[in-house]
Each structure stands twice: as C-alpha cells, then as structure tokens.
Undergrad: 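Here it is, the structure, as structure tokens.
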Amino acid sequence: DLSEWIATMDGYINAEIQPHVSGYLIRQNYREGSFVRKDEVLFEIDPRPFQAALDQVKGQLAQSQAQVVQAQAQLAKVNQDVERDTPLAEARAIAQSQLDNDLQAKAGAEAAVVAAQAAVTAAQASVEQAQLNLSFTKIVSLVDGIAGIAKAQIGDLLTTSSVLTSVSQVDPIKVYFPMSEQDYLRAQKIGTKAASVQSTPLKGVALTLVLADSSIYPHPGGVLWTDRQVDPSTGTLRVAAAFPNPGNILRPGEYGRVRAVTEERHDALLVPQAAVTELQGVNQVAVVGRDNKVRIQNVQLGSQVGANWIVNQSLEAGDRVVVGGIQYAREGTTVNPMPVTATKGAQ
C-alpha cells in the first residue's frame with residue numbers, strides 16, 4: 001500500500017556567506033547560480049587598509065625584536081660586571097656596595113629582557129591577526145554547491161553582519177515531508193523489515209519522488225531522520241530524506257510528492273485507473289454483469305499501485321469493469337463486452 005506526502009526540497013547543507021571583516025566590496029568572482037567549490041573565492045574586499053595594518057604591526061614586531069637584542073646585550077654586560085666584582089668584593093678589594101649595585105642592575109636587566117620578549121610575543125600575535133584579517137578580504141565558499149544571487153553590489157560598505165549570498169550543497173538534495181501518525185506507525189513496520197539495523201525509524205523504507213510535472217524522479221531516496229515528536233497542531237511527524245541529484249537538476253525550494261510503501265497487503269483487489277471515473281467527488285466504475293448489462297458502482301479506492309487502484313470495498317474478484325468506451329456505459333445498458341489484456345495485477 002503506497003502513501004504519498006507533499007514534499008519540499010532544500011539544500012543538504014546551506015551556507016550563508018558573510019564577511020569576517022568590514023570594508024568596501026571591490027570584486028565578485030563567481031557567476032550567480034553556478035556551481036562553486038569549497039574555498040573558491042566568491043567576493044573580495046578592498047585589501048589596502050588591511051595590508052597597511054599588517055605592515056604597521058610588522059614594523060612593531062621588528063622594533064620589539066630589536067629591543068630584545070638590546071636588553072639581552074645589556075644583561076650580558078651586567079653579568080660580566082657581577083662576575084668581575086664578586087671575587088673583588090669577597091677580597092674586600094672593592095666596596096660591597098659596588099657589588100650590590102651590580103646585582104641590582106642585573107635584576108633590572110633580566111626584567112627588561114622578559115618585558116622585551118613579552119612585547120615580541122604580543123607583536124607576533126598582532127601580525128598573525130593582521131595577516132588573518134588580510135586573508136579575510138577574500139571571501140570564500142564554505143562548501144561545494146550552487147551559489148545564489150549576490151545580495152551586495154560593488155562599492156557597498158560591508159560589515160560582519162552582511163549576508164552576501166548563500167551556497168547550497170544539492171547533491172544529494174534534502175527533502176522534507178510531514179507524515180501522519182498512522183502512516184508513520186505503518187511505515188515503521190515496513191522499515192524494520194527492510195533495515196538490517198533499525199537505528200533510525202523508517203531507515204529501510206525506499207522512497208520515490210514525484211516531481212511537480214507528475215514525472216517520477218529516476219533516483220530512489222532514503223530517510224535521513226525523523227523529528228523527535230509529532231506536531232500536536234497538525235498531527236504529523238516531520239521527516240527528512242535524501243535523494244541523489246547528479247547534475248544538480250533539483251534545486252532548493254522545489255515542491256514534489258514523496259511516495260513510500262507503508263503497508264503490505266496480500267490478495268488486494270485492483271482495477272485499472274482507466275476504469276475509474278469521478279463524479280462530484282465520488283469514484284465510480286462501470287461493472288458488466290453476467291447478463292451483459294451495465295451497473296454503475298460507487299467504489300472506495302485505496303492507494304495507487306502502478307497503473308492500478310486498490311479497491312477497498314464494493315467489488316469482488318472476477319467482476320468485469322469497463323476500461324474502454326466508458327463514456328458510453330450507462331446504468332442498465334446492454335453491452336457486448338470484449339476482453340482486453342489485463343493490467344498486471346488487476347482483477
């Protein structure tokens with residue numbers, strides 16, 4: 001028994017492209033609606049202010065490194081003074097105060113070296129940040145996918161909250177559809193039989209996608225996950241599925257219908273679709289009795305199976321139904337029925 005649900009398509013991954021630094025947009029490097037690769041440069045911000053900032057902090061780094069060399073040289077000189085004056089002070093050849101001054105100068109020189117090295121570390125961090133900011137002027141795609149229409153124009157002043165475009169990974173494409181509680185419970189039984197390891201409800205159920213033009217999408221899909229709860233306002237469970245999308249034919253935002261087997265029925269009674277007519281919302285078939293007289297019979301249909309409908313009631317196996325010239329079949333009319341080759345599975 002097939003069930004069908006209205007479905008909407010979305011990117012498997014949707015990445016919003018935003019700048020990490022503020023600046024003026026000077027270049028767009030991609031064609032809107034085209035396929036782009038991860039790390040491909042899509043936009044460029046004017047790099048000159050960021051290059052100037054990098055040059056400035058590089059100068060500060062060089063200055064700090066020079067100060068370290070100077071402080072280390074001063075420390076080396078003070079160490080020589082201490083080594084020279086220590087034995088002289090012990091021999092009382094010089095005043096003890098002279099050695100004390102040397103030791104004090106050594107402590108000051110060591111502190112100066114530590115401060116200078118800390119300044120170098122801070123300057124290196126500033127250089128790394130400035131290099132990072134400069135690299136951020138090239139705004140890249142975060143994923144492989146289809147890039148959307150640009151939302152900024154050349155010359156616009158961008159901020160870190162600006163959204164420039166979106167890139168969607170569409171192969172595979174993600175499809176969302178709401179499933180009723182009844183369908184979910186039936187399909188879960190089928191899924192349990194189909195899946196070797198039932199880690200995700202409905203994981204083993206094969207899905208068919210019907211496109212907006214009623215054509216059948218050639219690639220079957222599978223369930224990715226189901227929501228944790230049924231929506232109490234609609235009585236449905238949100239389901240996400242994935243379908244292969246070679247050539248990126250399917251796009252986010254498209255609508256379609258997802259079909260899946262949710263119940264297995266044995267010895268079901270089938271009639272060809274051509275035999276069924278609808279009148280004011282009531283499905284009918286023209287049944288030819290043993291006396292070759294036509295009887296118009298209301299029927300309750302179940303799911304579609306190929307080119308047939310499942311009939312839940314009102315017909316019996318062996319009944320003859322009109323599939324050709326049905327427009328001429330009237331209640332009580334005597335006809336001369338000619339058998340046709342039955343659609344596979346019809347009775």
Side-chain angles (χ1 to χ4, degrees), residues 1-14 144-146 168-231 234-273 276 301-312 342-347:
D1 195 353
L2 288 175
S3 295
E4 187 174 276
W5 309 275
I6 300 297
T8 56
M9 302 177 203
D10 198 4
Y12 198 82
I13 299 175
N14 298 309
D144 292 346
I146 302 298
S168 295
Q169 178 186 339
V170 294
D171 186 16
I173 195 165
K174 192 176 289 184
V175 176
Y176 294 99
F177 59 94
M179 175 180 285
S180 69
E181 292 181 68
Q182 295 81 3
D183 284 343
Y184 168 74
L185 293 174
R186 289 196 296 266
Q188 190 172 11
K189 296 176 183 178
I190 302 298
T192 302
K193 295 177 182 178
S196 57
V197 179
Q198 189 63 13
S199 57
T200 301
L202 310 175
K203 188 70 174 180
V205 176
L207 304 180
T208 300
L209 180 62
V210 182
L211 303 179
D213 61 357
S214 298
S215 64
I216 303 298
Y217 187 62
H219 304 286
V223 170
L224 293 174
W225 49 259
T226 56
D227 203 352
R228 70 177 184 86
Q229 69 175 26
V230 173
D231 186 341
T234 62
T236 59
L237 186 72
R238 193 178 193 220
V239 182
F243 285 80
N245 188 22
N248 303 316
I249 302 300
L250 303 180
R251 297 296 178 94
E254 288 188 63
Y255 285 86
R257 302 189 304 276
V258 169
R259 290 176 182 169
V261 174
T262 55
E263 185 178 5
E264 292 179 343
R265 297 179 60 176
H266 300 282
D267 300 324
L269 186 64
L270 305 178
V271 296
Q273 294 182 36
V276 180
L301 301 180
S303 299
Q304 181 180 349
V305 180
N308 304 313
W309 285 105
I310 293 178
V311 179
N312 292 327
T343 303
K344 184 180 180 180
Q347 298 185 34

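For this chain, numbers begin at 1 and follow the sequence in order.
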Undergrad: What heavy-atom pair brings Y176 and A240 nearest, and what distance separates the two atoms?
TA: CE2-CB, 3.7 Å
Undergrad: Once rounded to the nearest 0.5 Å, what's the spacing between atom CD of E4 and atom CZ of F177?
TA: 11.5 Å
Undergrad: If you round to the nearest 0.5 Å, how far is CZ of R228 from CG of L237?
TA: 11.0 Å
Undergrad: Which pairs count as side chain to side chain donor-acceptor pair (under 3.5 Å) when at least one residue sits in residues 244-253, sequence neighbours excluded?
TA: none
Undergrad: Compare every heavy atom of Y184 with every heavy atom of M179, then report the nearest pair and how far apart it is.
TA: SD-CA, 3.3 Å
Undergrad: Within the structure provided, determine whether V210 and R259 are in side-chain contact (heavy-atom separation under 4.5 Å).
TA: yes
Undergrad: If we only count heavy atoms from C-beta on, is the L211 to L250 side-chain gap below 4.5 Å?
TA: yes
Undergrad: How about W5 and V239: do any of their side-chain heavy atoms sit closer than 4.5 Å?
TA: no
Undergrad: Do any side-chain atoms of residues 6-13 form donor-acceptor pairs under 3.5 angstrom with protein atoms, and if so which ones, sequence neighbours left out?
TA:
unit_1, atom_1, unit_2, atom_2, d
D10, OD1, N14, ND2, 2.9
D10, OD2, N14, ND2, 3.3

Undergrad: Taking all atoms of both residues into account, what is the closest heavy-atom pair of A241 and L207, and its distance?
TA: CB-CD1, 3.4 Å
Undergrad: Once side chain to side chain donor-acceptor pair (under 3.5 Å) is applied, what residue pairs with a partner in residues 206-219 remain, sequence neighbours excluded?
TA: D213-S215
